[in-house]
Each structure stands twice: as C-alpha cells, then as structure tokens.
Amino acid sequence: MNLIDAAFAKLKQEGKTALIPFLTIGDPDIPTSIAIIKELEQAGADLVELGVPYSDPLADGPVIQRASERALKNRISILDCIETAAQAREAGVKLPFILFTYFNPVLQFGLEDFMNLVVEKGISGLIIPDLPIEEDEEVRTLAEAKGVHLIPLVAPTSKDRVVRISKKARGFVYCVSSLGVTGVRAEFHSGIDDFLATVREATDLPIAVGFGISSREQVERFEKTCDGVVVGSAIVRKIEETLPLLSDSSKREEGFAEIRSFVAGLKG
C-alpha cells in the first residue's frame, strides 16, 4: 500500500486529521532540511511536502519565494531534493514524502528517469501545480504504473472542473483555501465551506486544505470538514526566523526546538 493511503487510513481509524507541513528543501542547506524533517515528525506531522526550490514559482507567495532564492544560491536541484527523501529515510524518518515541484524541472530531468528515481528514493506522492489535468496524462500514467500518487490542486475557481479533477486524483485532493498565491492569511475565501462540500461529494478520497493556514485556530477550523491540513508559508517563515540560530553551532538546537514547538502547537 502507498504510504499516503496507509497514513490517512490510520488517521481515519483514530478519528484524527493529518497535519501536512511543507518546507523548501535546501533552505538553508540539505543537512539542516533533513534535521528539520526529523523535527516535523517528532512534533506530530503525519505527512510532509518536500518543496523543490524554483526560480519562477507561480503558486508561491513571498515567504516561499525567499526560501527558494536562498536554496537556489546553494544550487539545490530537483535531484538534491529527491535524494533528501532517501537521506531522511536513512536517518529514521517514517513519514510519507510528497514532492512539490513545478513541471519544467521534471521535464528537463526526463519523465521516466524522474519517476524511477522518485520510487527508488521513497517518495510516495507528487504535486505539480502548473500541470493541469488536461495535460497530465503521460505523467499520470507513469506515476500510476509505479504506485506513486499524482495529487491535484483544486481551487474555488475550478467550478465545473472540480468533479473531473477529483475523479482523476490519487492519494488525496488538495483543496486551495484562498484565491491567489500561498501565504499567511487572516481570512479565507468566503465560499470555502461550500467549496469543500462540493469536493467532498465528488470523491471518496481524503481531502486536504492548504494555502494560508498558519495557526492552531485555523487548523482547528478545518479539522471538522477535512481529512488533512497543509501548512506551508507559516513553517517556512518560522525556519526563516530561526536561520540565525541554525547557522550558529552553539544555538542550533535552540533553533530546531523553536521549529518543533511551533509545529507541535499547530498539531494541538
């Protein structure tokens, strides 16, 4: 069984909602990213999105853009991010890994080589936000043949496409809570609950909500209606805030403790 399916099945049995953190791999460097992944697991995360830094991230707001810029200064590639999953696994992490990447790096890598490596290095799912369902057949076919879930994003603006997107989904359906790019928000799209209900009716898969969720109160607000909650920018911002600690060997553990405490607070 794919690890994503197993994680959601276990949580459903326990009556719990998945906490799915996102981090930009290579911000500030690969060893620190691996250490942070371990902290996320200890803090109660259930799955984790490994963000591939990209120079033109259309779906990402300023916090994740800055993290990508820092990682790209270290020449972090999609290969480095895939290898990070394997290294985290070797370090004892058992969380399911979802690779979040734009399509161009995948295309440049070569679809078959990319998918083979994803499987080899223990990645269970893919999110490719700029690959619409109308153009994803080749990637989807390869992923399904390898047992990797291609997880779609569905937005309030998707309207009549919600059913089509949801029917093709694997793993879970990622529901975008807000219009626009990622980023911390005080309020969500006014029709968010109706939108989530529409997605729920369209699929038997778990549904997860993300974009803009940054506090325990906001996580709790969606736990009643969703199977998973994705937190990205708020965690990436917390990592950014702790960079001075993480770069000082005498204060590094203090930095990790701050990140762990923040994520544990989200979990509740």
Side-chain angles (χ1 to χ4, degrees), residues 1-23 25 33 37-38 40-52 78 81-101 106 114-129 131 133 136 139-154 165-177 196 199-200 202-211 213 219 222-223 225-232 235 263 266-267:
M1 179 187 280
N2 184 294
L3 290 181
I4 294 170
D5 299 332
F8 275 109
K10 181 173 182 288
L11 288 162
K12 185 175 183 180
Q13 271 189 332
E14 296 170 352
K16 295 177 181 176
T17 304
L19 178 66
I20 310 172
F22 168 100
L23 76 158
I25 299 302
S33 290
I37 292 167
K38 291 172 70 176
L40 296 177
E41 184 171 55
Q42 288 179 24
D46 299 291
L47 304 90
V48 63
E49 288 183 26
L50 310 177
V52 176
I78 191 169
C81 298
I82 296 170
E83 291 286 354
T84 296
Q87 291 173 45
R89 201 61 87 218
E90 287 168 10
V93 176
K94 293 182 170 56
L95 292 176
F97 294 134
I98 301 162
L99 193 73
F100 185 109
T101 178
V106 176
F114 167 76
M115 206 65 71
N116 287 335
L117 196 62
V118 159
V119 173
E120 182 188 329
K121 301 301 181 181
I123 291 169
S124 301
L126 301 171
I127 297 174
I128 308 176
L131 183 65
I133 57 163
D136 74 358
V139 175
R140 179 175 302 283
T141 302
L142 276 170
E144 290 189 1
K146 298 288 185 181
V148 175
H149 289 333
L150 185 60
I151 298 157
L153 292 178
V154 59
I165 294 169
S166 301
K167 293 295 182 194
K168 283 193 168 187
R170 295 292 182 270
F172 64 91
V173 180
Y174 188 147
C175 303
V176 176
S177 67
L196 292 172
V199 179
R200 177 70 78 190
T203 183
D204 294 327
L205 290 175
I207 66 172
V209 64
F211 278 50
I213 297 168
V219 170
F222 289 111
E223 281 180 334
T225 52
C226 296
D227 306 288
V229 179
V230 181
V231 182
I235 290 171
V263 175
L266 293 169
K267 182 74 175 179

Partners of [X] by side chain to side chain donor-acceptor pair (under 3.5 Å), sequence neighbours excluded?
X: Glu144; value: Arg170
X: Lys146; value: Asn116
X: Asp136; value: Arg140
X: Lys38; value: none

Is there side-chain contact between [X] and [Y], with at least one heavy-atom pair below 4.5 Å?
X: Tyr174; Y: Ile98; result: no
X: Val148; Y: Ile123; result: no
X: Leu19; Y: Val263; result: yes
X: Val139; Y: Phe114; result: no
X: Val154; Y: Cys175; result: yes
X: Ile37; Y: Thr84; result: yes

task = I would like to know whether Val209 and Thr225 meet side chain to side chain contact (heavy atoms under 4.5 Å, CB included); could you show each step before the answer?
result = CA-CA 9 Å; Val209 64; Thr225 52; over 6 Å; no
task = Under the ring-ring contact (aromatic ring centres under 6.0 Å, His included) rule, collect the residues that match up with Phe172, sequence neighbours excluded.
result =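 By the ring-ring contact (aromatic ring centres under 6.0 Å, His included) rule, Phe172 matches Phe8.
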In Å, rounded to the nearest 0.5 Å, how long is the span from [atom1] of [X] to [atom2] of [Y]?
X: Arg200; Y: Leu205; atom1: CZ; atom2: CG; answer: 10.0 Å
X: Ile151; Y: Leu47; atom1: CD1; atom2: CG; answer: 8.0 Å
X: Leu50; Y: Leu126; atom1: CG; atom2: CG; answer: 10.5 Å
X: Ile127; Y: Phe100; atom1: CD1; atom2: CZ; answer: 6.5 Å
X: Met115; Y: Leu150; atom1: CE; atom2: CG; answer: 7.5 Å
X: Leu40; Y: Leu23; atom1: CG; atom2: CG; answer: 6.0 Å

message = For Thr101, give me all partners under side-chain contact (heavy atoms from CB on, under 4.5 Å), at least two apart in sequence or on another chain.
response =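 side-chain contact (heavy atoms from CB on, under 4.5 Å) check on Thr101 returns Val52, Ile78, Leu99, Pro105, Val106, Ile128.
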inquiry  = Taking side-chain contact (heavy atoms from CB on, under 4.5 Å) as the definition, give me every residue that meets it alongside Leu3, ordered by chain and number, with sequence neighbours left out.
reply    =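 Testing Leu3 for side-chain contact (heavy atoms from CB on, under 4.5 Å), a comparison that skips the adjacent residues, returns Arg89, Pro96, Ser124.
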Closest heavy-atom pair and its distance - [X], [Y]:
X: Ala88; Y: Phe97; result: CB-CZ, 3.8 Å
X: Cys81; Y: Gly51; result: SG-O, 4.2 Å
X: Gly147; Y: Asn2; result: O-ND2, 2.9 Å
X: Lys267; Y: Asp46; result: NZ-OD2, 2.6 Å

Partners passing salt bridge (Lys or Arg N to Asp or Glu O under 4.0 Å) against [X] (at least two apart in sequence or in another chain):
X: Glu120; value: none
X: Glu41; value: none
X: Asp5; value: none
X: Lys10; value: Glu14

task = Indicate yes or no for a side-chain donor-acceptor contact from Ser177 to the backbone of Gly210 under 3.5 Å, with no hydrogens or angles considered.
result =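 Answer holds: yes.
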Criterion side-chain contact (heavy atoms from CB on, under 4.5 Å) against Phe222, the qualifying member of Leu196, Ile207, Val230, Asp227 =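 Passing option: Leu196.
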